[in-house]
Amino acid sequence: MNKLLPRTARFSKPVRMPNRREREDIADGLKRHRRDARLVTCQVVDSQWEPVNPDLDLIVTAHSIDEARHVWERWAADVACAEGRYMLALTYTAPAAHPRTRPKEETTGVEVDLDRLDFEDDYEAHAHLETSPNTI
């Protein structure tokens with residue numbers, strides 16, 4: 001019997017962003033149920049790393065920071081109908097290794113250009129028309 005399950009990322013749109021303690025509790029619960037997944041919070045921030053657009057905040061359980069960024073990009077473009085460039089803070093909250101110790105949260109900043117992403121999607125969708133053997 002194959003015990004390999006498909007690796008899927010999941011996301012949740014919070015009413016408000018959880019505080020550090022709440023993120024730690026979620027990460028601990030996630031470890032018990034989905035050992036290989038990571039809890040990543042995605043927030044749009046300004047140049048001072050202050051949250052600026054809570055409508056675009058997202059909580060993602062993914063297998064890597066890059067996968068979480070990709071989930072946020074697709075959600076922001078397709079569901080939230082966001083456009084333009086954003087500075088995104090991705091915060092990974094690790095589960096507790098032992099009852100008394102917890103690794104520090106890791107925050108990574110990335111610049112996301114949703115207009116470029118939309119252009120690349122359109123280009124890719126039409127690229128096959130140029131190389132089709134049935135082109136007139």
Side-chain angles (χ1 to χ4, degrees):
M1 178 177 192
N2 188 354
K3 293 188 178 194
L4 292 176
L5 297 174
R7 292 173 38 137
T8 57
R10 297 184 177 136
F11 67 89
S12 175
K13 174 68 181 108
V15 174
R16 66 169 178 78
M17 210 40 145
N19 62 32
R20 184 187 55 81
R21 171 68 104 186
E22 292 167 334
R23 289 191 305 266
E24 290 173 352
D25 291 344
I26 295 168
D28 291 345
L30 185 62
K31 181 181 177 183
R32 288 189 290 274
H33 298 289
R34 293 184 66 204
R35 253 191 185 308
D36 59 337
R38 299 171 151 224
L39 178 72
V40 181
T41 54
C42 306
Q43 288 184 294
V44 175
V45 296
D46 62 12
S47 61
Q48 304 300 315
W49 290 86
E50 294 296 321
V52 292
N53 194 342
D55 292 338
L56 295 177
D57 291 350
L58 203 63
I59 298 174
V60 179
T61 56
H63 299 89
S64 69
I65 297 292
D66 288 337
E67 184 181 21
R69 178 189 48 80
H70 179 74
V71 168
W72 183 88
E73 287 174 342
R74 292 301 174 184
W75 174 84
D78 298 341
V79 178
C81 299
E83 296 177 336
R85 292 183 131 179
Y86 296 93
M87 179 61 163
L88 190 65
L90 301 162
T91 303
Y92 165 58
T93 305
H98 300 288
R100 295 191 179 270
T101 61
R102 176 176 301 280
K104 289 186 176 185
E105 289 186 325
E106 299 172 20
T107 301
T108 305
V110 294
E111 190 170 310
V112 178
D113 186 350
L114 295 176
D115 294 334
R116 180 192 52 81
L117 186 67
D118 189 42
F119 170 78
E120 289 174 357
D121 288 346
D122 288 345
Y123 181 81
E124 190 174 305
H126 294 95
H128 74 281
L129 296 176
E130 295 176 7
T131 59
S132 174
N134 299 326
T135 303
I136 296 177

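In this view, E73 and R69 satisfy the salt bridge (Lys or Arg N to Asp or Glu O under 4.0 Å) rule, not counting sequence neighbours. Residues that satisfy the side-chain contact (heavy atoms from CB on, under 4.5 Å) test with D115, not counting sequence neighbours, are E83, D113.
Taking CH2 of W75 as the reference point, atom CG of L58 lies at 5.0 Å (rounded to 0.5 Å). Distance check, rounded to the nearest 0.5 Å: OG of S12 to CG of D57 gives 11.5 Å. Rounded to the nearest 0.5 angstrom, Y123 OH and R116 CZ are separated by 14.5 Å. In this structure, CZ on F11 lies 12.0 Å from CD1 on I59, to the nearest 0.5 angstrom. The line from CG of L30 to CG of D25 is 12.5 Å long, rounded to the nearest 0.5 Å. The OH atom of Y86 sits 5.5 Å away from atom CG of L56, with the distance rounded to the nearest 0.5 Å.
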Stepwise side chain to side chain contact (heavy atoms under 4.5 Å, CB included) check, R21 with I26: CA-CA 9 Å; R21 171 68 104 186; I26 295 168; over 6 Å; no
Candidate pair V40 and I65, rule side chain to side chain contact (heavy atoms under 4.5 Å, CB included), full reasoning: CA-CA 7 Å; V40 181; I65 297 292; 4.0 Å; yes
Test log, rule side chain to side chain contact (heavy atoms under 4.5 Å, CB included), inputs M87 and Q43: CA-CA 8 Å; M87 179 61 163; Q43 288 184 294; over 6 Å; no
D121/R74 under salt bridge (Lys or Arg N to Asp or Glu O under 4.0 Å): CA gap, chis, key distance, verdict: CA-CA 11 Å; D121 288 346; R74 292 301 174 184; 2.5 Å; yes
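A salt bridge between E105 and R20 is absent, with no side-chain N of the basic residue lying under 4.0 Å from a carboxylate O of the acidic one.
Placement of V52 and W72 within a single hydrophobic cluster is found when ILVMFWY residues are connected by side-chain heavy-atom separations under 4.5 Å, directly or transitively. Cluster annotation: V79 is connected to L114 through the hydrophobic network of ILVMFWY side chains, with a link wherever side-chain heavy atoms come within less than 4.5 Å. V71 is connected to V44 through a chain of hydrophobic side-chain contacts under 4.5 Å among Ile, Leu, Val, Met, Phe, Trp and Tyr, so both are in one cluster. Both V112 and Y92 are part of a single hydrophobic cluster, where members link through side-chain heavy atoms under 4.5 Å apart.
With a 4.5 Å cut-off on side-chain heavy atoms, D28 and K31 do not count as touching. In this structure, the side chains of T41 and M17 come closer than 4.5 Å at one or more pairs of heavy atoms. In this structure the side chain of V110 reaches within 4.5 angstrom of the side chain of L90, judged on heavy atoms.
Contact between A94 and P103 at its shortest, heavy atoms only, is CB-CG, 3.8 Å. In terms of heavy atoms, A68 sits closest to C42 at O-SG, 4.3 Å. The minimum heavy-atom distance between T108 and W49, with the atom names listed, is C-CH2, 4.3 Å. Contact between R16 and N19 at its shortest, heavy atoms only, is NH1-N, 4.2 Å.
Distance alone, capped at 3.5 Å, places no donor-acceptor pair between the R38 side chain and the T93 backbone. Judged purely by atom type and a 3.5 angstrom limit, E67 uses its side chain to pair as donor or acceptor with the backbone of H63.
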